[in-house]
Amino acid sequence: MANLTMVEAIRDALKVEMENNESVILLGEDIGKNGGVFRATDGLIDMFGEERVVDTPLAESGIVGASVGLAINHMRPVAEIQFLGFIYETMDQICAQAARVRFRSAGRFSAPLVIRSPFGGGVRTPELHADSLEALFAHTPGLKVVMPSNPYDAKGLLISAIRDENPVLFLEPMKLYRASREEVPSEAYTVPLHKANIIQSGDEITIVAYGPTVPIATSVANEYLQKGISIEVIDLRTIYPIDFETIIASVEKTGRLIIVHEAVKTGGVGGEIAAHISQHAFFSLRSPITRVTGYDTPYPVASVEDDWLPNVVRLREAIEESLNC
Amino acid sequence: MANLTMVEAIRDALKVEMENNESVILLGEDIGKNGGVFRATDGLIDMFGEERVVDTPLAESGIVGASVGLAINHMRPVAEIQFLGFIYETMDQICAQAARVRFRSAGRFSAPLVIRSPFGGGVRTPELHADSLEALFAHTPGLKVVMPSNPYDAKGLLISAIRDENPVLFLEPMKLYRASREEVPSEAYTVPLHKANIIQSGDEITIVAYGPTVPIATSVANEYLQKGISIEVIDLRTIYPIDFETIIASVEKTGRLIIVHEAVKTGGVGGEIAAHISQHAFFSLRSPITRVTGYDTPYPVASVEDDWLPNVVRLREAIEESLNC
Amino acid sequence: MQILDEINAPYHQIIKSTGEVDDQQLNDLNLSSELLLEMYEWMLKARLLDERLLKMQRQGRIGTFAPYSGQEASQIGSAFALKKSDWMFPSYRDIGSCLVHGMPIEQLVLYLKGFLQGGSPPEDVKVLPVQIIIGGQIPQAAGCAWASKIRKEQDVTISYFGDGATSQGDFHEGLNFASVLQLPVVFFCQNNQWAISVPIEKQMATKTIAQKAIAYDMKNIRVDGNDVLAVYKATLEAVEHARNGGGPTLIEAVTYRIGPHTTADDPKKYREQTEVTQWVDEKEPLIRYKKFLQNQGLLTEESEQQLRQKLELEISTEIEKAEKIVAEPLATSFDHVYDQPHANLLEQKIEVEKRTAEGR
Amino acid sequence: MQILDEINAPYHQIIKSTGEVDDQQLNDLNLSSELLLEMYEWMLKARLLDERLLKMQRQGRIGTFAPYSGQEASQIGSAFALKKSDWMFPSYRDIGSCLVHGMPIEQLVLYLKGFLQGGSPPEDVKVLPVQIIIGGQIPQAAGCAWASKIRKEQDVTISYFGDGATSQGDFHEGLNFASVLQLPVVFFCQNNQWAISVPIEKQMATKTIAQKAIAYDMKNIRVDGNDVLAVYKATLEAVEHARNGGGPTLIEAVTYRIGPHTTADDPKKYREQTEVTQWVDEKEPLIRYKKFLQNQGLLTEESEQQLRQKLELEISTEIEKAEKIVAEPLATSFDHVYDQPHANLLEQKIEVEKRTAEGR
Ligand SMILES: Cc1ncc(C[n+]2csc(CCOP(=O)(O)OP(=O)(O)O)c2C)c(N)n1
Ligand SMILES: Cc1ncc(C[n+]2csc(CCOP(=O)(O)OP(=O)(O)O)c2C)c(N)n1
Ligand SMILES: [Mg+2]
Ligand SMILES: [Mg+2]
């Protein structure tokens with residue numbers, strides 16, 4: 001056990017898996033001597049050498065393309081895309097290539113790779129560093145998309161992702177990198193993929209959150225608990241494929257659902273959840289499903305980003321609306 | 001007036017706009033002498049010369065990147081991406097660049113360009129030629145996404161797109177290119193963007209379709225009309241921004257909604273529509289909103305694609321389910 | 001640029017288009033008669049298959065198909081330079097290379113019929129499914145070679161692509177990675193002068209593709225792509241260079257696409273038939289090589305006829321085998337999205353199975 | 001490769017790092033004393049601004065910022081070669097060039113404060129907002145130049161980027177387009193030896209960036225990027241070449257990033273301080289140019305002190321102006337997503353305005 005921040009837990013996961021499995025290599029921009037711009041790979045080059053912790057040229061499509069080839073030829077590449085806003089450069093190699101190697105070859109080849117990437121708002125980064133782009137990948141069969149919200153999950157989910165036989169996009173909320181510390185086992189352990197986590201159970205309303213919005217959801221839920229209103233908070237953990245079972249079970253109990261994410265509203269993952277639940281828990285719903293999300297604009301400049309992001313105020317309003325409906 | 005197929009109507013739109021506006025130029029792969037792989041630009045090089053109908057090198061990011069620069073410097077580029085499956089290569093230049101020029105510069109610059117691209121299933125194309133990827137762009141503020149379902153709309157919508165002050169993705173359903181002929185005015189005319197079209201009005205159920213699924217929806221609606229059940233069919237026309245007003249008004253009348261699209265279900269535009277309508281017409285809904293879409297797999301090989309695509313059979317089933325709920 | 005002409009000067013040929021032979025190089029290559037004949041056999045097989053597939057396409061028995069007639073010397077010569085354990089990343093047009101590297105004709109036909117099975121070569125055949133996205137396979141090939149290098153295995157990876165592909169960002173990123181990391185990979189570009197309707201002059205400002213290697217300080221070879229022996233020699237040199245730790249090579253094989261881009265294409269829209277005739281007359285790879293073999297006393301019209309019949313039969317047998325096979329139903333696809341279908345996918349699979357079973 | 005050394009041989013310098021001057025070239029340039037001094041003034045202004053911004057960042061008055069100290073000769077020299085009507089596509093590090101081309105300091109400060117107004121230069125300043133996506137501006141610059149060419153206007157477009165950017169697909173695609181279409185564009189690469197922590201040897205296998213132009217048959221110039229006169233001369237040559245219809249040029253300005261990559265970066269993690277000291281000692285652009293001006297009798301310690309004070313004052317005034325400005329509220333952003341907000345967006349805007357008005 002060690003008391004770790006999320007970014008330390010991520011580093012720890014990489015370390016134990018590199019120890020466990022020779023095939024695991026890391027590649028990306030500035031992940032070597034520099035240890036990554038957030039230090040997620042700090043020190044790993046000293047432990048595992050330049051051959052397994054590789055500073056690549058500055059070319060995201062090249063990084064993912066090379067990872068596809070590495071994975072086809074039986075390595076376990078863990079690539080870092082320095083910020084998720086740069087992932088657009090790699091959409092072909094992720095969505096048209098990595099995600100389809102297995103399908104295209106009817107199972108003869110596969111590309112089990114992991115792409116790690118930090119993202120998320122509220123930390124005053126330059127343009128295109130904060131954008132939540134998970135929805136682009138939740139529309140791509142063949143991929144898995146995972147997002148931790150705390151140090152323990154981060155390590156366990158990342159180990160699961162590395163061991164998974166499919167390409168996994170592992171999205172790391174920057175704001176949570178050093179937001180808190182938690183006891184994390186030193187050895188390898190896994191947290192299962194496509195299994196949502198009921199963080200807090202409750203009867204009157206269900207909130208589905210993931211990554212950076214989980215702390216917002218739990219804090220508001222605690223607030224309401226004081227007032228005698230019990231809210232169920234579900235941390236999605238895996239964004240794709242979505243664990244609808246857990247959400248449906250919850251909504252069948254509470255009859256109300258709010259989804260909270262930082263991504264732009266239209267076309268976001270919240271819409272998919274709302275659509276699915278509206279259909280499959282139609283007769284359990286007591287009020288309309290609402291979404292508390294980023295607005296339908298590009299992620300704005302730093303001076304106003306806090307007004308753009310979902311926050312406790314907006315979540316409270318949604319809860320009131322839902323309860324009074 | 002001339003009796004035109006959709007692809008001819010598209011060519012006609014390009015022609016009249018090139019005549020009307022010197023700034024309009026066409027660029028893309030094989031659009032010159034070859035007239036495009038579907039002949040959408042056939043003959044235009046003879047009318048307007050090599051300077052305005054340009055065969056570019058084989059590089060989609062370059063094509064869109066150059067179009068952004070052309071548009072910033074006051075041209076009206078209409079780029080062709082040969083098949084929508086290749087658009088992944090250009091996601092950065094579309095989503096992180098074109099869509100943000102105006103926002104980034106607080107209105108000082110803008111990039112009014114059009115990207116035309118054929119797509120859609122049922123025509124036995126090789127891998128990645130049939131994929132419906134509109135949802136990726138319906139999550140990108142700053143863009144507009146347009147999709148015609150008939151020759152008349154194709155011309156009018158494309159002219160609107162070219163005249164629009166914002167970047168527009170204009171998606172052309174291959175299957176409909178030559179599926180039918182229709183009287184199309186020879187002169188320039190516009191069909192407004194972000195305005196859905198009620199193709200057939202009805203009382204008992206609303207079907208929202210767009211592009212290649214519109215004929216399916218209308219044919220089933222006609223079938224039901226014979227049986228005395230009236231179905232309202234809405235052709236979305238613009239996929240983003242979505243004309244929710246029209247859909248809500250319809251659902252408030254019918255109480256039932258089915259959305260039909262070829263794209264993969266999870267994360268598709270149907271989810272967004274279902275989510276929005278579930279929320280905003282919650283108390284009007286008499287049965288769960290359902291979606292008839294592609295399955296959650298990559299677009300499959302040609303021998304089985306017809307089983308994968310939404311069709312009249314699956315739409316009928318959804319209607320029965322909805323009516324009997 | 002004067003200097004560029006020097007860099008690109010060595011345009012490798014062994015059998016000139018006039019039929020003359022560079023005896024020195026031929027002797028150096030030291031090929032057995034069997035091997036010389038075998039190469040012809042594969043070239044002819046490839047050509048006959050191409051013709052057959054074209055016919056099948058016209059009859060609606062297979063889908064869209066990209067003929068490769070005219071490029072057999074490039075495809076066969078290069079594939080002959082590989083070991084069975086080497087990796088191949090082909091594009092849609094590289095059927096000749098795939099054949100030589102062990103891809104059964106049956107398999108190729110299934111692919112062209114749009115059957116799920118078509119993408120899955122036998123276990124011991126290290127040929128990736130053909131790449132549709134122009135250039136997409138290039139950084140992947142670099143990555144595959146990287147894996148071999150990391151594990152200190154001797155396998156080399158070869159990536160095939162066309163002149164048009166050199167315009168793609170992935171070409172650049174892949175070559176840069178390979179050169180920085182000194183990977184055992186061969187980038188084999190068949191410059192067939194056309195990318196659909198776009199001639200090479202509109203594709204690039206350079207006279208050669210080989211010179212693009214200078215941007216990566218990479219070994220390059222420019223070779224007559226219609227001279228199977230020259231291609232074989234060039235590729236062998238590159239492959240051995242890679243195997244010995246020398247790093248990547250860019251090969252430009254100068255060749256010509258005699259047929260349409262695909263069966264959906266009409267080249268009359270954009271190129272003069274005289275250009276085609278001229279290439280064929282002057283440089284056709286099979287005619288040239290056949291003449292050479294005849295001059296060497298290794299082939300007669302008669303033995304060629306026999307070979308032709310044998311190959312036609314082989315092709316027919318394989319096609320028949322393929323045509324007996326039933327397409328995998330849609331439901332099977334669902335098993336190949338992930339190693340295990342997730343809950344939602346399973347539900348959809350069951351729906352599809354039910355629908356199929358009920359014949360809806 | 002011998003040949004490459006020849007291609008890249010002309011490493012242009014006018015003022016050697018030892019302080020010696022190439023009189024021949026200097027005379028040919030035929031610059032007035034005013035212009036020579038003006039260049040120094042801008043270099044100094046850029047340097048002083050850089051230092052000030054770094055301080056402001058440390059005090060939390062602006063956000064993350066990418067210092068450019070050490071690159072002033074490249075940035076100022078190149079921008080001096082432009083006409084006001086030429087277009088500039090800068091990256092985040094090209095503040096010096098932006099300044100010269102008319103971007104007010106006030107504007108730059110607003111950008112760094114994360115204010116919406118920061119992205120919008122005055123109407124007559126043809127400088128695009130700085131590009132964050134490495135290489136993204138390169139094909140855009142080609143397109144912008146293309147528009148000028150189509151309309152037969154005389155404007156040239158310049159695109160700035162770093163050594164790391166040359167690895168991106170967009171670099172390749174942009175340069176290929178520009179060379180095929182013979183566009184009036186200058187690709188100005190500041191090779192500052194580092195891409196964050198990645199040294200140039202890990203970025204590319206080539207010794208130079210200039211040689212990458214050979215892949216496009218493009219004019220190239222390799223210049224001492226710490227010699228403002230050499231940079232000016234090289235860029236002027238490229239700009240005039242473009243203006244006269246000669247097509248694009250790739251310039252490699254060899255320079256050095258003295259400071260951290262950004263204020264969020266700690267270079268001690270990955271580079272030796274001795275390397276920095278050595279570059280500064282041998283090649284620092286301001287010191288070198290100051291010496292030159294002193295030798296020419298155009299500058300004294302005293303006049304330099306006066307200049308410095310003047311510039312400090314100017315900078316302070318601009319910063320004060322900027323700091324008096326209030327950030328545009330979030331709601332204003334909604335007006336710049338489209339030319340007209342659509343229905344949904346308008347609804348959201350009203351929600352935001354209401355929220356702001358009610359202080360929630
Ligand atoms: C990324 C991408 N863009 C466009 C296409 C459409 N397309 C298929 S083949 C082709 C031309 C390719 O030319 P080249 O690389 O020279 O290969 P060749 O077909 O001549 O063998 C094009 C444009 C594609 N398949 N992928
Ligand atoms: C597409 C993309 N990938 C990665 C980054 C993160 N990043 C910002 S600057 C930088 C290094 C750039 O190096 P170089 O091109 O040499 O320019 P310099 O910073 O040295 O001026 C990186 C990797 C980015 N902004 N965009
Ligand atoms: Mg070609
Ligand atoms: Mg640099």
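Shortest non-hydrogen contact noted between B/Gly271 and A/Ala275 is O-CB, 3.4 Å. Nearest approach of B/Tyr299 to A/Phe103, heavy atoms of both residues: O-CE2, 3.8 Å. Nearest approach of A/Cys325 to B/Phe283, heavy atoms of both residues: SG-CZ, 3.5 Å. Closest heavy-atom contact between B/Lys265 and A/Glu272: O-OE1, 3.6 Å.
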Check against side-chain contact (heavy atoms from CB on, under 4.5 Å), B/Arg104 and A/Leu128: CA-CA 11 Å; B/Arg104 182 181 289 162; A/Leu128 284 159; 3.9 Å; yes
query: Does the pair B/Gln279 and A/Thr290 meet the rule for a side-chain contact (heavy atoms from CB on, under 4.5 Å), with working shown?
result: CA-CA 7 Å; B/Gln279 183 180 359; A/Thr290 55; 3.2 Å; yes
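Looking at B/Val269, there are no atoms closer than 4.5 Å to chain A (heavy atoms on both sides), in backbone or side chain. Residue contact with chain A, scored on non-hydrogen atoms closer than 4.5 Å, involves the backbone and the side chain of B/Tyr88 alike. Only the side chain of A/Tyr240 comes within contact range of chain B, with heavy atoms under 4.5 Å apart. Of the two parts of A/Leu285, the backbone and the side chain both hold a non-hydrogen atom closer than 4.5 Å to a non-hydrogen atom of chain B. For chain A, the nearby part of B/Ser287 is the backbone; its heavy atoms alone come within less than 4.5 Å. Heavy atoms closer than 4.5 Å to chain A are found in both the backbone and the side chain of B/Leu136. When heavy atoms are compared at a cutoff of 4.5 Å, B/Ser132 approaches chain A solely by way of its backbone atoms N, CA, C and O. With a 4.5 angstrom heavy-atom cutoff, B/Phe137 does not touch chain A via any of its atoms. Interface residue A/Glu127: only side-chain heavy atoms are found under 4.5 Å from chain B. At a 4.5 Å heavy-atom cutoff, the contact between A/Ala96 and chain B is made by backbone and side-chain atoms alike.
At a threshold of 4.5 Å between non-hydrogen side-chain atoms, the residues B/His139 and A/Thr266 do not count as touching. Residues B/Pro141 and A/Val264 form a side-chain contact, since some pair of their non-hydrogen atoms from C-beta on lies under 4.5 Å apart.
By number of non-hydrogen pairs under 4.5 angstrom with chain A, the leading residue of B/Gly85, B/Ala135, B/Gly268, B/Pro298 is B/Pro298. In terms of heavy-atom pairs under 4.5 angstrom with chain A, the leader among B/Thr297, B/Val301, B/Ile277 is B/Thr297. Chosen from B/Ser61, B/Ser278, B/Gly142, B/Gly267, the residue pairing most often with chain A at heavy-atom distances under 4.5 Å is B/Gly267. When each of B/His280, B/Met91, B/Gln93, B/Glu89 is checked for heavy-atom pairs under 4.5 Å with chain A, B/Met91 comes out on top.
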